[in-house]
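Counting starts at 1 for both ligands and their atoms, following the listed order. Because the structure is a prediction, the values reported are computed rather than measured. As a basis for the values below, the full set of heavy atoms in this structure was taken, side chains included, without hydrogen atoms, waters or symmetry mates.
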Amino acid sequence: MTMKTPAILLTAMLLNAANVNAAEGISPAWTEVAEADQTLMGDYEGEWVDAPKGHYFEINKPLAAQVINVREGEYQLRFYQQHDSRADPYFEGPGKLEGGEIRFSGNGWQGAVGNDGLTGNASAHGGDIRFELKKVTRSSPTLGIKPPSGAIVLFDGKNFDHWQHGSGREVSWHLLENGAMEVRSAKTDEDRKSGIGGDIQTKQSFGDCRVHLEFRYPVEPGIAGQGRGNSGFFLQKDYEVQILNSYGLHGYWNECGSLYKTSPPQVNAARPPMEWQTYDIDYTASVWKDGKKISPPRITVRHNGVLIHNDAEIPHVTSHSFPGRSAEPQGDGPLRLQDHNNALQFRNIWILPVKKD
Ligand code: MG
């Protein structure tokens with residue numbers, strides 16, 4: 001695919017797995033994507049080259065970068081020693097699309113991102129050193145994983161048989177031809193009146209379990225923070241593992257992989273928009289006796305294969321409202337997917353209930 005102008009919009013036909021039908025009302029976020037977001041946005045890996053012997057970057061050669069879409073034609077670049085680490089970036093700054101390349105400069109760093117990769121140089125540690133990186137796709141090791149024996153397949157792309165809205169009404173979300181579902185939010189009062197939109201949840205309730213799900217968020221240029229790619233996966237109905245377009249963000253307690261407003265992920269393992277991602281979760285439900293909590297829920301979460309919570313205690317319901325936190329579920333509860341007005345897609349969801357001893 002050749003670069004023409006940054007304003008060129010591609011149709012859904014060019015999106016690898018997003019062969020969604022715009023005519024059915026699927027979000028334009030999935031059908032109109034700037035070419036530079038298709039080809040230049042995302043993860044890069046490479047190394048410092050030509051650093052003199054003994055130089056910091058000769059000893060610490062690896063270099064990784066993220067090219068993050070901000071709005072059409074505008075990007076943010078972050079450079080690290082390696083992906084999926086808590087380290088502060090070596091450099092962070094804006095880039096602009098000019099003539100088919102994203103150019104950036106600041107703080108002694110300069111370079112360009114093009115179809116051949118990301119190259120540039122940095123004045124750091126007493127030298128002016130070049131770097132060369134190539135675009136990479138770091139797919140989750142559990143993408144497409146098969147349900148183990150004994151698991152209940154909750155969604156395999158064929159139907160919503162295991163799901164309903166909270167009130168028991170039929171699911172109004174989109175079932176797509178690519179084996180995924182897509183959040184369908186109410187856009188008008190008319191939509192709301194006719195029961196479109198809202199969270200969906202499993203008909204069945206669960207306690208201790210192992211669960212796998214896959215999700216992805218659209219690009220949504222020009223939107224930031226909690227309004228971009230927001231959804232959530234709830235266990236026992238009320239404990240949310242946040243889903244958010246957190247690509248290139250810091251990994252705070254309200255971003256992707258956080259136990260919402262309770263604890264941040266150990267690292268921010270969020271991938272670029274449009275890439276399929278995974279949560280693999282081991283959950284131990286709370287135990288109650290005579291209306292008293294004996295033990296809180298505990299959770300282990302792997303995001304794209306990266307351990308981000310390790311048997312972490314969930315001290316209260318993940319509500320940002322303090323009154324809401326006192327109303328904890330005292331028995332099994334459904335799994336819930338959040339409609340937060342962003343057109344996220346989900347696929348391959350299964351659960352393996354774990355029997356208590
Ligand atoms: Mg959420």
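- To the nearest 10 degrees, the angle centred on the Mg ion (ligand 1) between O in S231 and OE1 in Q338 reads 80°.
- Taking the six-membered ring for Trp, Y279 and F233 have ring centres at least 6.0 Å apart.
- Of the candidates Q345, R228, Q277, Q277 is the only one forming a side chain to side chain donor-acceptor pair (under 3.5 Å) with Y217.
- Looking only at N/O/S atoms, E240 comes nearest to the Mg ion (ligand 1) through OE2.
- For R347 and W276, the positive end sits near the middle of the six-membered ring, less than 6.0 Å away and at most 45° from its axis.
- In summary, the aromatic rings of F57 and Y90 are positioned with their centroids under 6.0 Å apart.
- Remark: at the Mg ion (ligand 1), atom OD1 from N230 and atom OE1 from Q242 enclose 90°, rounded to the nearest 10 degrees.
- Residue side and main chain included, Y260 places no N/O/S atom under 2.8 Å of the Mg ion (ligand 1).
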